[in-house]
Protein chains: 4
Amino acid sequence: MGASTDSDATETERGPGRPREPAVDRRILDAALRLMAQSGYVRMTMDQVAALADVTKATIYRRYPSKIQLALAAIASYCDQAPPVYTGDTRSDLIAQMENFRHGLDRPHGMAMLGTVLAEEHATPELLARFREYLVAPRRTAIRVLLERACNRAELHPNADLELAENMLVGSYYAHYLAGYPFPADWATRVVDAVLAGIKA
Amino acid sequence: MGASTDSDATETERGPGRPREPAVDRRILDAALRLMAQSGYVRMTMDQVAALADVTKATIYRRYPSKIQLALAAIASYCDQAPPVYTGDTRSDLIAQMENFRHGLDRPHGMAMLGTVLAEEHATPELLARFREYLVAPRRTAIRVLLERACNRAELHPNADLELAENMLVGSYYAHYLAGYPFPADWATRVVDAVLAGIKA
Amino acid sequence: MGASTDSDATETERGPGRPREPAVDRRILDAALRLMAQSGYVRMTMDQVAALADVTKATIYRRYPSKIQLALAAIASYCDQAPPVYTGDTRSDLIAQMENFRHGLDRPHGMAMLGTVLAEEHATPELLARFREYLVAPRRTAIRVLLERACNRAELHPNADLELAENMLVGSYYAHYLAGYPFPADWATRVVDAVLAGIKA
Amino acid sequence: MGASTDSDATETERGPGRPREPAVDRRILDAALRLMAQSGYVRMTMDQVAALADVTKATIYRRYPSKIQLALAAIASYCDQAPPVYTGDTRSDLIAQMENFRHGLDRPHGMAMLGTVLAEEHATPELLARFREYLVAPRRTAIRVLLERACNRAELHPNADLELAENMLVGSYYAHYLAGYPFPADWATRVVDAVLAGIKA
DNA sequence: TATTAATCGAGACGGTACGTCCGGTCTTCCA
DNA sequence: TGGAAGACCGGACGTACCGTCTCGATTAATA
């Protein structure tokens, strides 16, 4: 993700004055990440983050305007991991993508973090927007790409509602989690097969 | 929902001492409900609830050990509403059920409340349990009943995974909401048709 | 001291209805006394008193209109002990009286209780009045009697200000205590001698 | 008096971090003082103090760990006033000193405050200690100085117990107050004369 | 080299809510 | 009527945490 005031972080375009210590950036995000994994967003305290990162609160707030933004940045920084490589086969690529998606939420407090963003929705609307932009959208796009490729190959029904298919794929996880059911090992496979059954050519 | 210590509330089985004023119970829940609808869980204050219910905070805390528990009780008390009647036709019954489900979450702060419960998951695990028991389970059961009826009528594929079908139906809402897409008027219809397409006989 | 509503406690003059259980009276006062000795007036709680006396708060409040009144009654009940007998010698009688006075305040929380009454002075003025009536006045009268007897025997200066002498005798304890000095064994003797030195004939 | 952790307040010896606003210190003490004069310690509320001082409760609690400590500090800050100047004459200097002492306690809630400190004695022992140090000791020392000067001038009996004389002087006030007698205008004079009568050379 | 402007550590401060405690009253039932 | 049990009001207490602000010390680019 990125800093607060500055533009895109990669383009340093230095002004005068002492530059920010890059090590501090990492220490803050790591501390936030660790605390959220341990205790969740609600129990995490800015003072705790500051102490663990060996930094003062002011230093944090110079980078992120609020606790929730820090949390979001921390998560985003963590989620920048390599997506699964494509084999070319629609079904197995989708399954791999869904496994990836599931692992992103399976770690401790994964859904709790999502809940926090939702809870904060009305207080900080742009937060949900960033959440969508950095976390939701990339994954959905990856799935969409696979579905459209399959559509172009005529593997799917020409009138298939791809957006709806996406929702069913991704949403199955949420519903399953909320219902409290345990996740079977072949969960991704079953979901993908079920959805494909409804839209295949 | 119900009182704190006692069992099921319907069975009053009076002990000694002054009984709790039933009017107070309602006033508290109504106040909480109203405030949450207006401002959401986060902005709602226990003092506000107390003031609006014309009650002291101690009286609230005698019933609910924390703010979040009060919120849950309030929601549960609200959601005891009549489910749609069945026509006998699987497709239209499912659509009606999905419309009902959607309306339950469409009201202001509906998803925000769900988010709150998720956010609190690790701090208060039994909260999510009650949420499932009182809010999630009843709706899923209603859907399950329809699906099983259809299965018995041989309208569905004999090996259809009904639980997965449920997840796709319900989960579509969550995914759609999270993606930030606007909900079309015929949303329920499209979802039901898509799912049925995958499992019909 | 006595009960609240009724007249003088010895005169029972029964009205209709169930008579008060006399054992309860003692249990309440004993409980209050014990708790005050342990933790002092401030830390003593009406619920604690009720629990220790195996009685409900209502039962206590039927007897004493407030916590402070209960405390006062408890102390008064305790202080009904035999005063020292007179030998006829002014000096030794005064010393005995002062020893008695000192012992009344020396027990744990003795001065703390006095402090409580003073602290409550403006909130409950009549409390200090009762305190004077039941605890202060009797002791001062005893001293006064001795001084007047000595005056009549011409042992004292005819113009001696006896009230002031009383104040110096009794007040020495308060001042000594407030100063934080330890009390020597012959404290009473020294005080009496010093005062008598100023007013003897 | 002074801050909480630091030593003597006169020696500022700045540590790191933002220094405490001195104006806040005064505003808090003034507010406490004013409220105590109006309503006494018991009726004074921390929220009231905070509101009147235009400060938050946390700011108060950062300086004083409890309500009672705040009260004590407030009083101590008030009592730093010029003592009466000496004329050189023992009797008139003592009288002036006693008048001063009396005026310190005569103001509304003066004795009530003393009572509060005594009442809290066992709960917060160091409170009484500070009370002695800041309020009791200075006055007693002033008296003691006068007595010793008189002793050195051979105005007093060489074996006179000066400490006891102090106790009689100061204690007379307490005893008089507790007895509920009204204070005559020449009270100080009479007390000083009576005590001096017992110890003069 | 001196100046300038930003960073960082440390901690005070405002604001706001939370959950607890306690004194005192009232209501219900039982004896 | 007395007493047990406990709900309820009113009000205060002390704590927690977020986000801002004010100091002082430091560090790099610039003039």
Side-chain angles (χ1 to χ4, degrees), chain A residues 14-21 24 42-51 54-68 70, chain B residues 14-22 24-25 42-50 54-68, chain C residues 14-21 24 42-50 54-68 70, chain D residues 3 14-22 24-25 42-50 54-68:
Chain A
R14 289 273 306 281
R18 175 175 173 182
R20 286 194 185 160
E21 223 151 323
V24 167
V42 188
R43 307 288 170 198
M44 176 182 81
T45 291
M46 292 306 264
D47 291 86
Q48 281 176 7
V49 177
D54 205 35
V55 146
T56 49
K57 275 198 297 178
T59 304
I60 302 179
Y61 277 103
R62 202 172 295 116
R63 290 164 165 76
Y64 310 101
S66 69
K67 176 186 175 183
I68 191 79
L70 163 63
Chain B
R14 285 273 306 283
R18 175 175 174 179
R20 288 194 184 160
E21 218 146 332
V24 167
D25 288 39
V42 189
R43 307 286 172 200
M44 176 183 81
T45 290
M46 293 305 264
D47 290 270
Q48 282 177 7
V49 177
D54 204 34
V55 147
T56 37
K57 271 198 296 179
T59 302
I60 303 180
Y61 278 104
R62 197 173 302 115
R63 289 166 165 75
Y64 312 100
S66 68
K67 178 183 174 184
I68 189 76
Chain C
R14 289 272 306 281
R18 174 174 172 182
R20 285 194 186 162
E21 223 152 322
V24 168
V42 187
R43 307 289 170 198
M44 176 183 81
T45 292
M46 292 306 264
D47 291 87
Q48 282 177 8
V49 177
D54 205 34
V55 145
T56 49
K57 274 199 296 178
T59 303
I60 302 180
Y61 277 103
R62 202 171 294 115
R63 288 165 166 76
Y64 310 100
S66 69
K67 177 186 176 185
I68 191 80
L70 163 64
Chain D
R14 285 272 307 284
R18 175 175 175 181
R20 289 197 182 156
E21 217 145 332
V24 167
D25 288 41
V42 188
R43 307 287 171 201
M44 175 182 81
T45 290
M46 292 305 265
D47 290 87
Q48 281 177 8
V49 177
D54 205 34
V55 146
T56 41
K57 270 198 296 179
T59 301
I60 303 180
Y61 278 104
R62 199 172 300 114
R63 288 165 166 76
Y64 311 100
S66 68
K67 179 184 173 186
I68 189 76

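The structure displayed is predicted, hence computed values, not measured ones. Numbers restart at 1 for each chain; the letters A, B, ... are given by sequence-line order, proteins then strands.
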It should be established whether [X] places a side-chain nitrogen or oxygen under 4.0 Å from OP1 or OP2 of nucleotide [N].
X     : N      : answer
D:R63 : E:dG11 : no
D:T59 : E:dA12 : no
A:R20 : E:dA6  : no

Could you state the [atom1]-[atom2] distance from [X] to [N], rounded to the nearest angstrom?
X     : N      : atom1 : atom2 : result
C:R62 : F:dA5  : CZ    : P     : 13 Å
C:L70 : E:dC22 : CG    : P     : 16 Å
C:D54 : F:dA4  : CG    : C1'   : 10 Å
C:I60 : E:dG23 : CD1   : P     : 10 Å
A:E21 : F:dT26 : CD    : P     : 14 Å

Do the charged groups of D:R20 and D:D25 touch, with an N to O distance under 4.0 Å?
->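 Looking at D:D25 together with D:R20, the answer is no, because their closest N to O distance does not fall below 4.0 Å.
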
Start at the 5' end of DNA chain F and walk down; is the nucleotide closest to C:T56 or to B:P22 reached first?
->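 Upstream on the strand: C:T56.
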
With rounding to the nearest 0.5 Å, note down the distance linking [atom1] in [X] to [atom2] in [Y].
X     : Y     : atom1 : atom2 : result
A:Q48 : A:R43 : CD    : CZ    : 10.5 Å
A:T59 : A:E21 : OG1   : CD    : 9.5 Å
D:T45 : D:K57 : OG1   : NZ    : 9.5 Å
C:I60 : C:M46 : CD1   : CE    : 5.0 Å

What is the minimum heavy-atom distance between B:A50 and B:T56, and which atoms define it?
->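 Result for this residue pair: CB-C, 4.1 Å.
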
Of D:V55 and A:V24, whose nearest nucleotide on DNA chain E comes first from the 5' end?
->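 This one resolves to A:V24.
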
How does protein reach along nucleotides 13-20 of chain F, written 5' to 3' as B (base within reach of a heavy atom under 4.0 Å), S (only sugar-phosphate), or - (no contact)?
-> BBB-SSBB

